[in-house]
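Chain A is the first sequence line, chain B the second, and so forth, proteins listed ahead of strands; every chain is numbered from 1.
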Amino acid sequence: MRIVEVALLLAASSCGTKAHHEPQTFQVEIRGMHYAPATLPVAVGDHVVWTNRDVVPHTVTADGWFDSGSLSPNQQWSYTIGQPVVFDYRCTFHPTMKAQLTPK
Amino acid sequence: MKSQLAIILSAATLLLASGCKQKSAEPPATVGEAPGSAPMGSAAPVAVPPPSAGSLSDPQIAAIVVAANQVDIDAGELALKRSKNEEVKKFAQRMITDHTAVNKSAVDLVTRLKLTPEPSEASRGLTAGGADSRATLDKLDGGAFDRAYVANEVAYHKAVIGVLVSQLIPSATNPELKTTLVSVKPAFDAHLQHAEQVQATLAGGGSGAPGAHAM
């Protein structure tokens, strides 16, 4: 009987429920005309904070998803992940600057 | 003996001349050019003269950096006034914004270091060369102006990057000045790549923008 109770309890806890994900905060540094890291795995609920460490302004723009607008030197901007998709983002001022957020 | 700087200048001149040469059978540029427009002209490259004998001092380096940025700001302002091509104008505005920011950073640094920029043959040559180049560009119109301006930007950024790497960074003695010079090089590299992309677009290329997609 005890074994059956334990088995039922385990089944109830795993059936129809996802493991709880504690949101994390990740830092992306914009320096030397690059985003670092260039590829960052993130989960829904995670926060990503970009900090512009260059002397020129940049943007963090994923068309249709998010746009920081112009970030001055030392300015920060953050985005909370709402979808488990790949976000290809770029700087609209500098065409060579591209990076990705990927789903974990 | 030719200095490395003189070689860079010659290479920049050659690149600019070959980029601006228009063959009789070449079709007109597809962006912003009307049939029968004025033939493409050529702009003199911005001169990057050799530094004075011996290595450059930190005050001289500071003056060269400020002059180099100002030359591109002035060229960008001319392009904003003269060009009708949106991509060229967007590029020109970027040059103005970025080089103004780099100059502000350089001026803030030399102020903090109590370092007074010292004009030299090199910085004066840059300024004079910039003025000459703008005078030549000012005689052009339409697509001819756009192509010459962008070709000049490609050559100019290549020349300045060369000077930065071969002369300014190695000569800087103050560690903060050296670090600043190293840190701004990527901006010049990115500008060069951007200019080359605009140049390709003017010659008939195109581009698309990235977006998001589900895995």
Original post:
Between A:Val56 and B:Val102, is any pair of side-chain heavy atoms under 4.5 Å apart?
Top reply: yes
Subject >> B:Asp98 and A:Pro57, any side-chain heavy atoms less than 4.5 Å apart >> reply: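 Result yes, sub-4.5 Å side-chain heavy-atom pair found.
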Subject >> More than 12 heavy atoms of other groups within 6.0 Å of B:Lys90 NZ >> reply: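 Check fails, neighbour count at 12 or below.
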Subject >> Heavy atoms of other groups near B:Lys84 NZ, more than 12 under 6.0 Å >> reply: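 Count not over threshold, so no.
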Subject >> Rounded distance [0.5 Å steps], OG1 in A:Thr96 versus CD in B:Glu196 >> reply: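 Answer for the OG1-CD pair, A:Thr96 versus B:Glu196, is 11.0 Å.
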Original post:
Could you state the interatomic distance from CZ (A:Phe93) to NE2 (B:His194), rounded to the nearest 0.5 Å?
Top reply: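 Answer for the CZ-NE2 pair, A:Phe93 versus B:His194, is 11.5 Å.
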**OP:** Can you see which heavy atom on B:Pro186 is nearest to which on A:Gly32, and at what distance?
**Re:** CB-O, 3.4 Å
Original post:
When heavy-atom pairs shorter than 4.5 Å are enumerated against chain A, which of B:Lys185, B:Gln193, B:Lys104 gives the highest number?
Top reply: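 Maximum pair count with chain A is reached by B:Gln193.
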